[in-house]
Amino acid sequence: MRLSKMFLPTLKESPATAEVVSHKLMLRAGMIRKLAAGVYSLLPMGVRSLRKVEAIVRSEMNRAEAEEVSMPVVIPSELWKESGRWDLYGKELLRLKDRHGREFCLGPTHEEVITDMVRGELRSYKQLPVNLYQIQTKFRDEVRPRFGLMRGREFVMKDAYSFHATDECAEREYEVMRRAYMNIFERCGLEFCVVEADSGSIGGSFSHEFMVLADTGEDAVASCTKCDYAANTERAELRSVESFKTSDDKKIVEVSTPGVKTIDEVSEFLKADPKSFIKTLIYEADDNVVVVLLSGYSDVNELKLKRILDVDTLELASDATIEEVTGAPVGFAGPVGLKDKEVKIYADWSVRDIPSAITGANKKDTHIENVSPERDFKAEYVDLRIAVEGDLCPRCEGGRFEIRRGIEVGHIFKLGTKYSEAMGAVFLNENGKERPMIMCCYGIGIGRTAAAAIEQNHDEAGIMWPRPLAPFDCHIIPVNMKDEGCVGAAEALYNSLKEEGLDVLLDDRKDRAGVKFNDADLIGIPVRVTIGPKTLKEGSLELKLRKETDARLIPKDKAVEEVMAALNGL
RNA sequence: CGGGGCGUAGCGCAGCCUGGUAGCGCGCCUGCUUUGGGAGCAGGAUGUCGGAGGUUCGAAUCCUCUCGCCCCGACCA
């Protein structure tokens, strides 16, 4: 491609609204432009780079013998009503009506459509398994889209769905896909890790996320320093505490704490360590009220709580409910004495580790000291906290958690029969018995992967594309467009490299060298060849890798081989 | 949804408090010079000041409503 003819509007300054590096650089490098919140157009440079991601994804999916299909973006509401998600999915599902008033939605994910596609067609265990995928635009009306392609409302996703006759078969395919995903992200040149994850509203029995490690990541990953356990912190299990720490038998005493409510305030007021507090939270779960206890320094993991309670909705109780349950204003709740009120108390394991605790007294302006969990209240002990740095690993002896930030670029789920049962996707097994198909699904954010690659590969001057994702392989810069030798050599190299099958960018604009160099650094093509009159006189050109600071001279008549060699070394 | 902020030229911003005929830098166009890390000089074009209503002799500026965008939180495959 000739840069003089390319639609490549680069920017010197970052638009004010961009916050993260990948977003800023994608805007500056002329890859994307915003149309509305979370909705972007891809410019030629953006398309090129996303196509590279798609090509890698497609080739690995095909190699794993999944088959490509293409499903509609506009989906009739009936399918979503069948699965039950029309009512459960919430506002993220963009709903619309056609001219007849029939309801549709824009597909945020395609379990319903694919299930509808195979049911009726696949009737026998002999026709299973199948694995179908597509690369397609999705729409999710996110509450807060941000960071450009990282979290858009409209985005390109590769989604795959497999159908099986048996659990074993489903799990085998899950493993095949896990490997395919590892190949994909390795081929993209990304530093990533695979973690256990929560399956969220998509449902299912287990799932793994593929996380590109980057400080700007929206997810936190806990990984063991000793064994290979790694999980999203919203999922990470913690080591259980089986026995109570013995208390020293002091009697409970009330202390007056006028107007002092939060753990910080009370610990300051009583000159007590926050670790000796039991934090009491009151939740409304579906239609019930539950009380949750944690050690004073930890935070509740609402996903774990939701799973334990097996409820759809969970939120902190209103002030009125808290007063009703505890008999005291907000800020003085505690577990002691609550047993009369028919509320279920769940305590995190960490509470067992506090022999003599301070809690609210369920009485205005009052706390109590010397509370002994075993002696003074009954609770069900479960894993409820969010994992933090230094927590003990649940899987090995002596390992501890390390917490890092990650960008979720891929997610695979074993769904089980959630959709096949709801939608009647059944087959006949060897015994002629009707059974729901076992399903798995597998997703990759294409644009997000490209964005994550930039987060991981950039410097002050711009993008440093990993070769496999780069919009072009080689960038040729004739330094002076009025120098015939210079232009001639550039044209010749441009043509030869194209003949080698490379994607080549020739900066044939009549601009000064500085402009070209700065744009080159910004758009980040991995190999750059500079052709200037000075070195040309000696029969050489300059070859520079974007990731290295220094250029080296190469003989003009060996230029093609040198460029190929440099690319192969990347 | 709660809290905060911003909408003025393609981009980045000033002007608003204290009302008086819209400005700066970059970019863009023309010409000459320049040509190895975002050139210099000269000339030039570009605005429903997000929108609607109001106050006023007069509104980018004050008031009301509204739309859009961004950040933090809540929420979320």
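To find a chain, count down the sequence lines: A is the first, B the second, and so on, and within it residues start at 1.
Separating the P atom of G43(B) from that of G50(B) is a span of 31 Å, rounded to the nearest Å. Using P as the reference atom, G68(B) and G54(B) are 23 Å apart when rounded to the nearest Å. Between the C1' atoms of A60(B) and G15(B), the separation comes to 8 Å (whole Å). Comparing C29(B) with C70(B), their P atoms sit 30 Å apart, to the nearest whole Å. Atom C1' of U55(B) sits at a distance of 34 Å from the matching atom of G12(B), rounded to the whole Å. Comparing the same atom, C1', in A14(B) and in G47(B) gives a spacing of 15 Å after rounding to whole Å. G40(B) and U35(B) have their C1' atoms separated by 12 Å, with the value rounded to a whole Å. C41(B) and C26(B) are spaced 10 Å apart, taking the P atom of each and rounding to whole Å.
Comparing A39(B), C13(B), C75(B) by their nearest atom to the side chain of Val515(A) picks out A39(B). Looking at the side chain of Lys12(A), the nearest of the listed nucleotides C76(B), C26(B), G12(B) is C26(B). Here the nucleotide nearest the side chain of Thr530(A), chosen from U35(B), G27(B), G36(B), is G36(B). Closest to the Lys34(A) side chain, of the nucleotides C69(B), G37(B), A74(B), is C69(B). Listed nucleotides G36(B), G12(B), A39(B) differ in distance to Thr535(A); the shortest reach to its side chain belongs to G36(B). Out of C69(B), U35(B), G36(B), the shortest distance to the side chain of Asn480(A) is found at U35(B). When distances run from any side-chain atom of Phe147(A) to the nucleotides C71(B), G12(B), C76(B), the shortest one goes to C71(B). Comparing atom distances between the Thr17(A) side chain and each of G38(B), C70(B), U35(B) picks out C70(B) as nearest.
By the 30° and 60° cut-offs, the orientation of the rings of Tyr174(A) relative to Phe206(A) is perpendicular. Between Trp80(A) and Tyr89(A), the two ring planes are perpendicular [angle over 60°; tilted spans 30° to 60°].
OP1 or OP2 of C72(B) lies within a sub-4.0 Å distance of a side-chain N or O belonging to Arg146(A). For G37(B), the OP1/OP2 oxygens have no side-chain nitrogen or oxygen of Arg512(A) closer than 4.0 Å.
Lys537(A) comes within 4.0 angstrom of nothing in the nucleic acid, heavy atoms only. Across all strands shown, Arg153(A) has no heavy atoms under 4.0 Å from either base or sugar-phosphate atoms. Using a 4.0 Å heavy-atom distance criterion, Arg528(A) is classed as a base contact. When heavy atoms are screened at a 4.0 angstrom cut-off, Glu19(A) is found touching the sugar-phosphate backbone but no base atom. Contacts of Asn518(A) with the nucleic acid, taken as non-hydrogen atoms under 4.0 Å apart, include base atoms. Residue Arg151(A) is classed as a base contact, given a heavy-atom separation below 4.0 Å to a base. Counting any heavy atom pair closer than 4.0 Å across all strands shown, Ser14(A) reaches sugar-phosphate atoms only and no base atom. If you check every strand for non-hydrogen atoms under 4.0 Å, Lys138(A) touches nothing. Contact annotation for Glu209(A): no contact, since no heavy-atom pair falls under 4.0 Å across all strands. Gly443(A) comes within contact range of no nucleotide atom at all, as no heavy-atom separation falls under 4.0 Å. At the heavy-atom level, Glu13(A) lies under 4.0 Å from base atoms of the strands shown.
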Next item on the list: Check the pair His411(A) / Phe413(A) against ring pair (Phe, Tyr, Trp, His ring centres under 6.0 Å), numbers first and verdict last.
Entry: CA-CA 7 Å; His411(A) 200 160; Phe413(A) 303 79; 4.0 Å; yes
Next item on the list: Apply the test side-chain hydrogen bond (donor to acceptor under 3.5 Å, both in side chains) to residues Glu111(A) and Thr109(A): give CA-CA distance (whole Å), side-chain angles for both, the deciding distance (0.1 Å), then the verdict.
Entry: CA-CA 6 Å; Glu111(A) 284 79 12; Thr109(A) 174; 2.7 Å; yes
Check: What do the steps show when you test Thr321(A) against Glu284(A) for side-chain hydrogen bond (donor to acceptor under 3.5 Å, both in side chains), and what is the final call?
Finding: CA-CA 9 Å; Thr321(A) 308; Glu284(A) 286 176 57; 3.2 Å; yes
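Base pairing analysis places G2(B) opposite C72(B); the two distances defining the Watson-Crick or G-U wobble pair are each below 3.5 Å. Applying the Watson-Crick and G-U wobble criteria (two distances, each under 3.5 Å), G7(B) pairs with C67(B). G23(B) is paired with C13(B) under the Watson-Crick or G-U wobble criterion, all donor-acceptor distances under 3.5 Å. Nucleotide G36(B) forms a pair with no other nucleotide shown, judged by Watson-Crick or G-U wobble geometry with both contacts under 3.5 Å. The partner of C62(B) is G54(B), by the rule that a Watson-Crick or G-U pair needs both atom distances under 3.5 Å. A42(B) and U30(B) make up a base pair, with Watson-Crick or G-U wobble contacts both under 3.5 Å. Partner assigned to U18(B) is none, using Watson-Crick or G-U wobble distances below 3.5 angstrom.
Looking at Asp521(A), its side chain comes within 3.5 Å of the base of G37(B) through a donor and an acceptor atom. Below the 3.5 angstrom threshold, one finds no donor paired with an acceptor across the side chain of Arg144(A) and the base of C1(B).
Results of the side-chain contact (heavy atoms from CB on, under 4.5 Å) test with Lys158(A) over Glu68(A), Gln134(A), Met61(A), Gln136(A) single out Met61(A) as the only residue that passes.
For Lys547(A) and Asp459(A), the salt-bridge test fails: no basic side-chain N is under 4.0 Å from an acidic carboxylate O.
Between Ala461(A) and Pro145(A), the one whose closest nucleotide on RNA chain B sits nearer the 5' end is Ala461(A). For the pair Asp519(A) and Ile444(A), nearest-nucleotide mapping onto RNA chain B gives the more 5' position to Asp519(A).
Between the side chain of Arg405(A) and the backbone N or O of Glu218(A), at least one donor-acceptor pair lies under 3.5 Å.
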